[in-house]
Amino acid sequence: MRLSHSLIPTLKEVPAEAQIASHRLMLRAGLVRQTAAGIYAWLPAGLRVLNNIANIVREEQNAAGAQEVLMPTIQPASLWQESGRYEDYGKEMLRIRDRHERDLLYGPTNEEMITDLYRQSVKSYKELPQIAYHIQWKFRDEVRPRFGVMRGREFLMKDGYSFDIDYASAVISYRRMMLAYMRTFQRLGVKAIPMVADTGPIGGDLSHEFIILAPTGESQVFFDAAFEDVDYSAANFDIREPADLDRFFGVMTDNYAATDEKHDLDAWGKVAEDRRREGRGIEVGHIFYFGTKYSAAMNFAVAGPDGQKIHPEMGSYGIGVSRMVGALIEASHDEAGIIWPDSAAPFKAAILNLKQGDATTDAICEDLYGKLGQSALYDDRAERAGVKFADADLMGHPWQIIIGPRGAAAGLVELKRRATGEREELSLDAALARIGVTAS
Ligand code: 5CA
């Protein structure tokens, strides 16, 4: 993308309405713009990040055996009347009436709709277990939308739903999703701790929130410092193997970790005093097991081995995809701006032409841009070098390739790694090789 002709409106000033770093930086780096309270337009760089996160989520869901579907944002009220949640959900639900006076709503979550889809088609225990998920916009009319995309009214969620024939099998699905989540967060370069959590309007009695520690987080959390050293990834758990999932779940839940609604003073008292950690965290994911709550209420039953009717045991599994953009920035930024993990960055590298219009620098930059293609942002604006440096740091590209007239004459470019600030001068091909592009 050429910065001179792109909708990436960076700001020098700090927007007054933004209270936390990620919100300020998302506005300043031109990732999003607010269009109404808690509702955002995703501009090209922001959308790339959102898509990168969604793709990692998708790959790990698929690897766990979940199947992707896409349910609509608008749902009929009748489904929610069946489960009894139409009244319960209250003012958070955006209710809509169409021209035929039919009641609709903008979905805040999809338990009812997925139960209905399974009810229509799945008739035998032999077809279970199954997990289906989608990545779709949700609307919740939050009383206090704040912190930008962290607590929006419209937000992108990955929500998945499992159907099992009995409790033992449902627990395996739950643990499988927990492992898929830990792998997802690890690929995004953040440490998330699963914590025992409240189930709220989703219901059920087994639930974990995935928390990224950050002073600006909205959740108060308590955990055993042993979590800081837990490395589950070394163990190479096979996500298909129930025995592996059992061991993994043990590693994840042996140490105390709970959000304030579920904080248990007795259990906390048993954690060695020097290991007690208390702080704030951002909830980036939440998983629930709620048994037959929806399958029973909505009369979804399959035929069991002896022909008996069985209401499938269900769980639901959410990741805040758009919230994750803010969470990644909270976890990784400095005075100058965002520091993207390579896996989520909108562009792998920025090409900074320090003397736009100079035949030599222009030629090198065009050559580089041709080789890097869509993975690069070419800063071809007629701006001062200082402006280009500041914007590149602000936008947080993992690499900056800096082309100035002096180096260019000698066939050299400067390569800067955003995370460490390290710079080195090297040939064009060496620079490309360093950032993982083989020169043609
Ligand atoms: N049906 C279940 C799981 S699929 C569910 O809706 N769970 S949830 O309410 O906990 O939401 C899942 C995730 O969505 C949360 O962990 C959070 O990361 C994200 N989320 C929830 N509300 C908002 C919001 N207002 N703005 C941004 N992200 C949100």
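Residue numbers run from 1 in the order of the sequence given. Worth saying up front: this structure is predicted, and the values here are computed from it rather than measured. Both counts, for ligands and for their atoms, begin at 1 and track the order of listing.
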Problem set entry | Close residues, ligand 1: non-hydrogen atom nearer than 4.0 Å | T109, E111, R140, E142, V149, M150, R151, G152, F155, M157, D159, I202, E283, V284, G285, H286, F288, S316, Y317, G318, G320, R323

For this session: Under the side chain to side chain donor-acceptor pair (under 3.5 Å) rule, collect the residues that match up with S322, sequence neighbours excluded.
Result: none

Problem set entry | Pairs involving residues 329-352, ordered by first then second residue, that meet salt bridge (Lys or Arg N to Asp or Glu O under 4.0 Å) (sequence neighbours left out) | D334-R418, D342-R417

For this session: For the pair K138 and D159, evaluate salt bridge (charged side-chain N to carboxylate O under 4.0 Å, His left out) and give the outcome as yes or no after the intermediate values.
Result: CA-CA 10 Å; K138 304 288 184 290; D159 41 324; 2.8 Å; yes

Exercise. Does any pair with a residue in residues 285-295 pass salt bridge (Lys or Arg N to Asp or Glu O under 4.0 Å), and if so which ones, sequence neighbours excluded?
Worked result: none

Problem set entry | Verdict with supporting geometry, K388 and D391, salt bridge (charged side-chain N to carboxylate O under 4.0 Å, His left out) | CA-CA 5 Å; K388 296 194 177 188; D391 274 350; over 6 Å; no

Exercise. Taking R280 for the side chain and V221 for the main chain, is one N or O donor matched with an acceptor at less than 3.5 Å?
Worked result: no

